[in-house]
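Pasting a structure below so you can have a look.
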Amino acid sequence: MDTQDIQHAVKDFWSRRDGQESKLDDGGKSGGAARGNGHMKSLEALVKSTFIDCGIPEECIKTGQPYLPGYYRVRKQWDLVVKYRGVLVAAFEFKSQVGSVAKNFNNRFEEALGSATYIEAAQRKPEQSPFGQVPPWLGYVFILQETPETEKEGIRVPCSRPMPPSRGFPTTSGTRR
C-alpha cells in the first residue's frame with residue numbers, strides 16, 4: 001500500500017459522500033451523507049487488497065458488515081473480517097467524522113475502544129475463545145474532516161469537575177489527541 005493508493009481512496013471517500021448527499025430525499029440535512037452508506041468502500045478495498053497481497057485468499061475476507069460473536073452482547077457487526085484456517089486474523093471498522101464534532105467526536109473513540117474490548121474480553125480465556133488461540137489484529141480506519149473545530153486547541157474545563165483533565169488535554173486539539 002503506498003501513499004498514492006491512500007490518497008486515491010480518501011478522494012473517493014469525499015466524491016462518494018458528496019454524491020450521496022445530493023441523492024437523499026432531504027439533501028442530507030438530517031444526518032448528512034453518512035446515511036447514504038458506501039462512502040468508505042475504497043478504503044475497505046485498499047485494506048482487503050493488502051491482505052490478498054500478503055497471501056490471504058479472497059474468500060477468507062468478508063465485507064458487508066459480517067457479525068462476530070461478542071462478549072458483552074451476543075454479536076457485533078464489523079465492516080471487514082479476515083478468517084484464515086478457522087482463526088480470526090483481523091477485524092476492521094471503517095468510520096468517518098464530518099461535522100457535528102462536538103456531539104460525536106468522543107462517541108467515535110468510545111465506540112472504537114468498546115469494539116476492541118469485546119474481542120479482548122472474548123479472547124481472555126483462549127480455551128473458550130470463539131476466535132482461536134492467537135488474538136486477532138483489530139483495526140479502526142477513521143477519516144476526520146479537518147475544520148477549525150477539530151483543530152482548536154484549549155478546551156475549557158469547568159471548575160466543578162471532581163478531577164482535573166490530563167495535563168496535555170486542555171492544550172491540544174482533537175486532531176492531535
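Just so it is clear, the structure is predicted and the values come from calculations on it, not from any experiment.
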Inspect the contact between Glu93 and Lys76 and indicate whether a charged nitrogen and a carboxylate oxygen are less than 4.0 angstrom apart.
-> yes

Provide the closest heavy-atom pair for Leu88 versus Pro136 in the form atom of the first, atom of the second, distance.
-> O-CB, 3.5 Å

Under a single-linkage definition using a 4.5 Å side-chain heavy-atom cutoff for Ile, Leu, Val, Met, Phe, Trp and Tyr, are Ile6 and Trp14 assigned to the same hydrophobic cluster?
-> yes

Go through the steps to decide whether Leu113 and Tyr140 satisfy the test side-chain contact (heavy atoms from CB on, under 4.5 Å), and finish with yes or no.
-> CA-CA 9 Å; Leu113 292 171; Tyr140 198 83; over 6 Å; no

Given the rule that I, L, V, M, F, W and Y join up when any side-chain heavy atoms are under 4.5 Å apart, are Trp137 and Val141 in one cluster?
-> yes

What closest approach, in Å, do Cys60 and Tyr84 show between heavy atoms, and which atom pair accounts for it?
-> SG-CD1, 3.9 Å

The single option from Lys41, Met40, His8 that satisfies side chain to side chain contact (heavy atoms under 4.5 Å, CB included) with Phe13 is Met40

Is there a path from Ile52 to Val89 through hydrophobic residues (I, L, V, M, F, W, Y) whose side chains come within less than 4.5 Å of each other?
-> yes

Any idea which heavy atoms bring Glu58 and Lys48 closest together, and the distance?
-> OE2-NZ, 3.3 Å

Between Asp79 and Phe94, is there a donor-acceptor pair closer than 3.5 Å when you use the side chain of the first and the backbone of the second?
-> yes

Side chains of Glu120 and Pro135: closer than 4.5 Å at any heavy-atom pair?
-> no

Decide yes or no for Asp12 and Leu43: does some side-chain heavy atom of the first lie under 4.5 Å from some side-chain heavy atom of the second?
-> no

About how many Å separate NZ of Lys95 and OG of Ser115, when rounded to the nearest 0.5 Å?
-> 7.5 Å

Min side-chain heavy-atom separation Ser42-Arg16 under 4.5 Å = yes

Are Val10 and Phe92 connected, step by step, through hydrophobic side chains (Ile, Leu, Val, Met, Phe, Trp, Tyr) whose heavy atoms are closer than 4.5 Å?
-> yes

In Å, rounded to the nearest 0.5 Å, how long is the span from CD1 of Ile61 to OG of Ser49?
-> 8.5 Å

